[in-house]
There are 2 protein chains.
Amino acid sequence: MDDRMGPAGTEDVDADAEATTAGPRRPLDQMRILRAAVEFIDVNGLSKLTMRRLGAHLGVEAMALYRYVPGREQLLDGVVEMVMDELYETTNAGGLSTSWQEYLQMQAHAVRTIAVKHPRIFPLVATRPPSAPWLRPPLRSLRWVESFLQGLHDYGFRPKVSVAVYRSFATFLLGSLLLESGTLEDLTITEKVNLAFIEDDDLSSYPMISAVTEELKDGGFEVEFEAALEDLIERVTVMRS
Amino acid sequence: MDDRMGPAGTEDVDADAEATTAGPRRPLDQMRILRAAVEFIDVNGLSKLTMRRLGAHLGVEAMALYRYVPGREQLLDGVVEMVMDELYETTNAGGLSTSWQEYLQMQAHAVRTIAVKHPRIFPLVATRPPSAPWLRPPLRSLRWVESFLQGLHDYGFRPKVSVAVYRSFATFLLGSLLLESGTLEDLTITEKVNLAFIEDDDLSSYPMISAVTEELKDGGFEVEFEAALEDLIERVTVMRS
DNA sequence: ACCTGAACACCGTTCAAGT
DNA sequence: ACCTGAACACCGTTCAAGT
């Protein structure tokens, strides 16, 4: 069958009269599994996601999942597609833009929203091999890219320029948001312990670092993101000419 | 003991009279394990690296590794440190720069060299949680950051500006090089098969994409990297004032 | 001092069997 | 039609035992 998984058909019509809490009586389906996987990773982290635990989470033995999902790797691909679809919807919900600058801003913020909402999934979006070699994570869904190119076209971008913008945009988002999502991942207790161990490292032997620890700790991802976005937009202005 | 692993003491003095091919008679040590792990991932990919296989690769049972390495996760941290040390050496070998622009170029190229040389390890460098939250992958070694800040200081950068440059630089390198390393990873046969499956997707239903497949496939990471680097340097020029 | 065997508690995955 | 039990070939990790 469809060996590539992913939320293609959004057949979301059956909200049976079954209580949510009672027993998971209605049969499994791919959508339900993918949604459960997304939630599971959001809560417990990727490393805790096993077929067996996901099955348990759905009230089923692991083996039952294989009717709907070819395997763990494809499950993860499906999770990524799931999150990308979320992006696509966010993106098309937020009313029309009146300039290409606004359009890029809106797209950038949409991607950032996803990264902040799913900090433990974003690394997957960023690093899984995309379905075609010319796709650039995190902007890796054909549907999204198509719509993006269309958008730029409508603002009068020539095709070659649009491709260049797509690339710069992806690079910018990947760098900024992977870093930010990294800081947002909830750390497990043991990881925290490890950090505490390391944090007051022999930092005394790094005088330049010691001199600026305060500003290093500052964070401020938000303003940095906006500033970098402004820069990107200016670069695009140059490309366009 | 030292619970954090990593190539701290480079005790590289014993090149015994033992033939390399004969039998691995001299006892294991952490350095040898880490080097073997780097090589193993370079050749076989991260997913193939198991304690048992790495042991076999070293002519030893997996359990023997635990004398020198706390566990698999810390092994991977050690691999990352190993590669970062490679960077540090590259960086200090390439003679002095005569301007901060040249200095940044040299550092950028050094990191890119690492990414291209170890495309299957670079994602680890890029995504493993760093040892302090304010460190930014891929520029994640204290030693490297110290030396970088010192370098900028010597060119007259104020501390706050240096920190801002460090951040922009890391973001830029992360985005650019993670994408490039992604395209360089040798794909396993099964992955290739999957790609082939997907590649001639129903691309017919994406007219904007179809119109530019040629330029999308173009690649050209090298020139893109250089261009983005130039842009970054210009941004730094502004920050400096 | 350094490594191994055996064991434990897990994995992903297949497939015949149950309902 | 949908799920499970049992099994297979692996994992990481611990620890008593071998040399």
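By convention in this document, chain letters (A, B, ...) are assigned in the order of the sequence lines, proteins followed by strands, and residues within each chain are numbered from 1. Heavy atoms only: backbone and side chains are in, while hydrogens, waters and symmetry mates are out.
Computed from coordinates, the A:E61 CD to C:dC15 C1' distance equals 15 Å when rounded to whole Å. The CZ atom of B:R26 sits 17 Å away from the C1' atom of C:dA1 (whole-angstrom rounding). D:dT13 atom C1' lies 13 Å from atom CD of B:E73, rounded to whole Å. Distance B:L65 CG to D:dT13 P: 11 Å, rounded to the nearest Å. Regarding A:Q30, its CD atom lies at a distance of 14 Å from the P atom of D:dC2, rounded to whole Å. Whole-Å rounding puts the A:L28 CG to D:dT4 C1' distance at 13 Å. Rounded to a whole Å, the CG atom of A:D29 is 17 Å from the P atom of D:dA1.
Residues that satisfy the side-chain hydrogen bond (donor to acceptor under 3.5 Å, both in side chains) test with A:E73, not counting sequence neighbours, are A:R128. Shown here are the side-chain contact (heavy atoms from CB on, under 4.5 Å) partners of B:E214, two or more places apart in sequence or in another chain: there are none. Residues meeting the side-chain hydrogen bond (donor to acceptor under 3.5 Å, both in side chains) test with A:R67, sequence neighbours left out: none. Residues passing the salt bridge (Lys or Arg N to Asp or Glu O under 4.0 Å) test with A:R143 are A:D85, sequence neighbours excluded. Applying the side-chain contact (heavy atoms from CB on, under 4.5 Å) criterion to B:E86, with sequence neighbours excluded, gives B:I114, B:K117, B:H118. Every residue meeting the ring-ring contact (aromatic ring centres under 6.0 Å, His included) condition with B:H57, not counting sequence neighbours, appears here in chain and number order: B:F40. Residues forming a side-chain hydrogen bond (donor to acceptor under 3.5 Å, both in side chains) with B:R140 (at least two apart in sequence, or on another chain): none.
Between B:Y88 and B:F148, the distance separating the two ring centers is not shorter than 6.0 angstrom.
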(message) Dot-bracket for DNA chain C, please. Rules: Watson-Crick or G-U, both distances under 3.5 Å, ( ) within the strand, [ ] when a pair crosses earlier ones, | for another strand, . otherwise.
(response) ||.|||||...|||||.||
Atom pairs under 3.5 Å, N or O on each side, protein against nucleotides 7-12 of chain D: can you list them with distances?
| residue | atom | partner | partner atom | Å |
| --- | --- | --- | --- | --- |
| D:dC11 | OP1 | B:R53 | NH1 | 3.1 |
| D:dG12 | OP1 | B:M51 | N | 3.1 |
| D:dG12 | OP1 | B:R72 | NE | 3.4 |
| D:dG12 | OP2 | B:M51 | N | 3.0 |
| D:dG12 | N7 | B:R52 | NH1 | 2.4 |
| D:dG12 | O6 | B:R52 | NH1 | 3.2 |

